[in-house]
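Step one of this worksheet: look at the structure below.
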2 protein chains.
Amino acid sequence: MTIASRRKKQPERVRRTLLDCAAHLALEQGLTAVTVQAVCEAAGVTKGGLFHHFASKQALIDAVVAELLEKLDADIEAAMSADPKPWGRFTRAYVNVTVDDLMLNRSSQWTALYISSLTEPSLRRVTAQWFAKFVERHRATDDDPTLEIVRLAADGVWLAALLREDGGPMPDLPALRERLLAMTLTS
Amino acid sequence: MTIASRRKKQPERVRRTLLDCAAHLALEQGLTAVTVQAVCEAAGVTKGGLFHHFASKQALIDAVVAELLEKLDADIEAAMSADPKPWGRFTRAYVNVTVDDLMLNRSSQWTALYISSLTEPSLRRVTAQWFAKFVERHRATDDDPTLEIVRLAADGVWLAALLREDGGPMPDLPALRERLLAMTLTS
DNA sequence: TGAAAGATACCAATCAGTCGGTATCTTTCG
DNA sequence: CGAAAGATACCGACTGATTGGTATCTTTCA
């Protein structure tokens with residue numbers, strides 16, 4: 001660490017590092033371990049530095065979750081616009097984004113944080129409204145019992161991914177994706 | 001009223017109260033709010049009293065989760081023994097127990113704690129092995145892609161239940177149960 | 001220069017946990 | 001029986017470490 005020693009000051013990079021370290025800590029050691037001191041230490045910044053970027057610890061955590069939801073938002077929107085068939089479009093996008101993220105292992109840290117956020121009531125409220133927004137918006141094309149089951153199964157995959165590294169059972173993701181997608185075509 | 005309730009000191013009852021209060025706190029205010037002091041206050045016991053029953057805060061939390069998993073274990077076992085058809089028996093039991101618990105609202109506190117436990121790595125390990133044990137044990141009757149989707153959907157229902165009280169979307173549980181159970185009959 | 005970025009030092013509050021003491025219950029034994 | 005002896009249950013003040021947060025100083029950079 002201690003990247004910003006000799007080099008130019010890179011405030012935006014420091015901010016990013018703080019967000020990443022907070023997310024990583026939540027994954028590795030649980031939300032309880034996300035203390036200001038721990039985040040600073042991991043990011044190679046002192047507390048003064050952190051509080052320069054974030055008004056409070058809560059602001060930091062809120063920012064992490066907000067970023068996560070924005071990322072999911074964008075990914076889903078992108079997946080939807082590449083899908084010509086209206087019926088079940090949102091559900092397919094939801095499945096694809098979920099499985100893609102878990103397969104590429106690109107943002108497994110986000111995955112864990114997403115679940116973690118559900119335990120803290122303040123963050124839970126944000127996530128609940130994010131969910132409600134999507135379901136409401138796509139009621140015309142995705143309001144169907146079978147599609148709901150597909151989305152619930154995708155949610156279950158998030159949980160399975162959390163348990164994966166601790167010896168939990170992990171489904172065959174590509175095969176699972178195919179099956180879930182197939183379920184969205186036959187109504 | 002039993003004889004024990006007339007005694008002045010009721011250690012077993014105090015122990016129960018501590019466990020319940022810890023679980024309730026985790027639900028209402030998140031795992032972060034589960035401090036020794038808060039649990040003592042809620043239970044009407046001093047810190048000395050709590051540490052008489054539990055060697056550490058972690059031991060208290062571990063006990064809560066262990067009790068939860070034992071309860072789930074018993075419920076699933078009971079549901080399975082009432083199911084004559086071998087194929088998908090475990091999966092049906094899993095669905096029924098999940099939906100029953102959420103519908104009766106009997107153990108919504110357990111629900112939240114169950115999810116919360118996934119964020120703390122130590123508890124996550126316990127839960128992961130609990131899961132793996134079940135999947136392994138019923139491989140002969142429940143190792144099937146469709147059944148796996150059903151179980152994943154049931155897991156998703158836990159998440160949905162968590163978000164329910166914060167404005168999240170909640171499925172029609174009885175209808176959902178029927179559909180999931182139906183999926184376990186046709187292979 | 002002057003504003004942004006970050007370091008250092010410090011604070012009150014709170015954390016998990018300890019410890020000596022007391023009240024209550026159970027067991028032992030005359 | 002009944003009282004002494006010992007174990008269990010519980011209290012509440014205390015501790016050292018850590019918490020999130022602030023005030024102040026120094027460095028960096030345009």
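Proteins come first, then strands; the chains are lettered A, B, ... in the order of their sequence lines, and each starts at number 1.
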Of A38(A) and A55(A), the one whose nearest nucleotide on DNA chain D sits closer to the 5' end is A38(A)

Quick one: is dC10(D) close enough that its OP1 or OP2 comes under 4.0 Å of any side-chain N or O from H53(B)? yes

Separation of dT18(D) atom P from K57(B) atom NZ, nearest Å, is 15 Å

Output the rounded distance in Å from CD (Q58(B)) to C1' (dC15(C)). 15 Å

Applying a 4.0 Å non-hydrogen cut-off, can you work out what T46(A) is touching in the nucleic acid: base, sugar-phosphate, or nothing? base

Rounded interatomic separation in angstrom, taking CD from Q29(A) and P from dT18(D): 14 Å

When you measure from the side chain of R92(B) to the backbone of L180(B), do you find a donor-acceptor pair of N or O atoms at a distance under 3.5 Å? no

Residue-phosphate contact under 4.0 Å: H52(B) side-chain N/O, dC10(D) OP1/OP2: no

Between K133(A) and E136(A), does any side-chain N to carboxylate O distance fall below 4.0 Å? no

Whole Å only: how far is the NZ atom of K47(B) from the C1' atom of dG16(D)? 12 Å

What is the distance from CG of L50(B) to C1' of dT8(D), rounded to the nearest Å? 16 Å

Plane angle bin for W130(B) and F134(B) - parallel if under 30°, tilted between 30 and 60°, otherwise perpendicular: perpendicular

Interatomic distance where CD1 belongs to I61(B) and P belongs to dC15(C) [whole Å]: 13 Å

When the ring planes of F131(A) and Y94(A) are compared, do they come out parallel, tilted or perpendicular, using 30° and 60° as the limits? perpendicular

Rounded to the nearest Å, what distance is computed from the CZ atom of residue F51(B) to the P atom of nucleotide dG17(C)? 5 Å

Just N and O in the side chain of Q37(B): are any of them under 4.0 Å from OP1 or OP2 of dC15(C)? yes

In whole angstroms, how far is the P atom of dA4(C) from the CZ atom of R13(A)? 23 Å

